[in-house]
Amino acid sequence: QGVYHLGEGDSTAAGFYQDSTSNNRDGTLVDANGDTAQVAGKAGNTLDFTGDDDYVSLGNNVFGDPGDSVTVSAWFQVDSVAASHTIVAEYHFGVCGDFTLYVNDPNGDQLQMSDGGGGNINFDVGYVPLLVGQWHYATFVSDATTAYAYMNGGLIRSAADIDWRNLCTTVAVTIGKGFSSSVMNGKIDEVRVSNTNRSADWVEAEHLFTKDSNRYTYGAEEGQWVF
């Protein structure tokens, strides 16, 4: 579906932020006042959003209908917990909503996925507080029957299945902005959307590799993570 490293620089040129898959679903930065900046990220450089309605648009309904099997993941770092921060979404307030992954207000202690139709699953982040200025890795996995929430590579909880719906054909998929005033004040890096329900081992390996790529490597020929 799509992989976004967001490390290309700081530009509002169309399609500047490249999709690293062969699907070429490139993103465009919307930054009216020019204050979103390229900074050091979790893996290389990334974008630092300032919480004033800046975001990267991937285009209307760009992922179509991912089906019953979906994995959405991203690294993020918030500058404040007293607000709602969207990481990735296909959601236009008052119009239509297919999916949103965001830090919920008012205390920043809840990371939530919603399918826009009332179905949602919340992270219990009691043992991994969402601390200002620290990187966190969030992963949502859905199969035909169950939705799974992971934080920093570990399974937090599972619940009844929710899907990335396919109703919002005129709404853009966005990084850093979602419903109403839910905009990111902080950094987002390594956004991945896949129409595959990744395993717990895959989620853990992806977290460890991005956290410390000097210690963990991926063996391409064997198709297995090497520790």
CA sep, side-chain torsions, deciding dist, call: T86, V88, side-chain contact (heavy atoms from CB on, under 4.5 Å): CA-CA 6 Å; T86 293; V88 60; 5.9 Å; no

Under the rule for side-chain contact (heavy atoms from CB on, under 4.5 Å), what residues qualify as partners of A14, not counting sequence neighbours? T28

Please name all residues satisfying side chain to side chain donor-acceptor pair (under 3.5 Å) with Q77, sequence neighbours left out, ordered by chain then number. K187

Look up atom OH in Y150 and atom OG1 in T139, then write down how far apart they are to the nearest 0.5 Å. 8.0 Å

Verify same cluster id: F49, V30 (apolar side-chain graph, 4.5 Å): no

Under 3.5 Å, is there a donor-acceptor pair between the H5 and T46 side chains? no

Spatial distance of atom CG (N197) from atom CH2 (W202) [nearest 0.5 Å]: 11.5 Å

Residues that D19 engages under side chain to side chain donor-acceptor pair (under 3.5 Å), provided they are two or more places apart: T21

Side chain proximity check, Y4 to L58, heavy atoms < 4.5 angstrom: yes

For a 4.5 angstrom cut-off between non-hydrogen side-chain atoms, does D52 reach N33? yes

Qualifying residues under side chain to side chain donor-acceptor pair (under 3.5 Å), relative to D79, sequence neighbours excluded: none

Test your reading of the model: is there a side-chain donor-acceptor pair from Q38 to the backbone of G9, 3.5 Å cut-off? yes

CG on D35 to OG1 on T50, rounded to 0.5 Å: 3.0 Å

Give a yes or no answer on whether the side chain of D31 reaches the backbone of T36 with a donor-acceptor pair at less than 3.5 Å. yes

Can you spot which of I87, L47, V56 makes a side chain to side chain contact (heavy atoms under 4.5 Å, CB included) with M184? I87

State whether the side chain of Y17 and the backbone N or O of S11 hold a donor-acceptor pair below 3.5 Å, judged by distance alone. yes

Just by modelled atom types, is the Q18 backbone N or O under 3.5 Å from a matching donor or acceptor in the E8 side chain? yes

Apply the test side-chain hydrogen bond (donor to acceptor under 3.5 Å, both in side chains) to residues N60 and T170: give CA-CA distance (whole Å), side-chain angles for both, the deciding distance (0.1 Å), then the verdict. CA-CA 5 Å; N60 290 352; T170 61; 5.9 Å; no

I want to check something: taking the side chain as every heavy atom from C-beta on, are N185 and V183 in contact at a cut-off of under 4.5 Å? no

Once you round to the nearest 0.5 Å, how far does CZ of F209 lie from CD of E190? 9.5 Å

Find the distance between CD (E90) and OG1 (T169) and round it off to the nearest 0.5 Å. 9.0 Å

Which heavy atom of S158 sits nearest to which heavy atom of Y148, and what is that distance? CB-CD2, 3.7 Å

In terms of heavy-atom contacts, A147 and F140 come closest through CB-CE1, 3.8 Å

Contacts of H207 meeting ring pair (Phe, Tyr, Trp, His ring centres under 6.0 Å) (sequence neighbours excluded), chain-then-number -> W75, Y137

Closest heavy-atom pair and its distance - S57, T174: CA-CG2, 4.4 Å

Closest non-hydrogen contact found for A89 with T100 is CB-OG1, 3.5 Å

Please enumerate all residues that pass ring pair (Phe, Tyr, Trp, His ring centres under 6.0 Å) together with F76, with sequence neighbours excluded. H136

Quick one: do L6 and V3 end up in the same hydrophobic cluster if we chain Ile, Leu, Val, Met, Phe, Trp and Tyr together by side-chain heavy atoms under 4.5 Å apart? no

Result for side chain to side chain contact (heavy atoms under 4.5 Å, CB included) between D48 and one of D54, I188, V39 points to V39

Under 3.5 Å, is there a donor-acceptor pair between the side chain of D201 and the main chain of A205? no

Roughly how far apart are T210 OG1 and K42 NZ, rounded to 0.5 Å? 8.5 Å

As a quick check of understanding, evaluate ring pair (Phe, Tyr, Trp, His ring centres under 6.0 Å) for F99 and F63, giving each step before the final call. CA-CA 11 Å; F99 182 86; F63 298 129; 10.0 Å; no

Return yes if some donor-acceptor pair links the side-chain N/O of R25 with the main-chain N/O of V62 below 3.5 Å, else return no. yes

Do Y55 and I175 land in one hydrophobic cluster if side-chain heavy atoms of ILVMFWY residues count as linked below 4.5 Å? no

Could you check whether any side-chain heavy atom of S69 comes within less than 4.5 Å of a side-chain heavy atom of N195, counting everything from C-beta outward? no

Between R198 and E206, is there a side-chain N and carboxylate O pair less than 4.0 Å apart? no

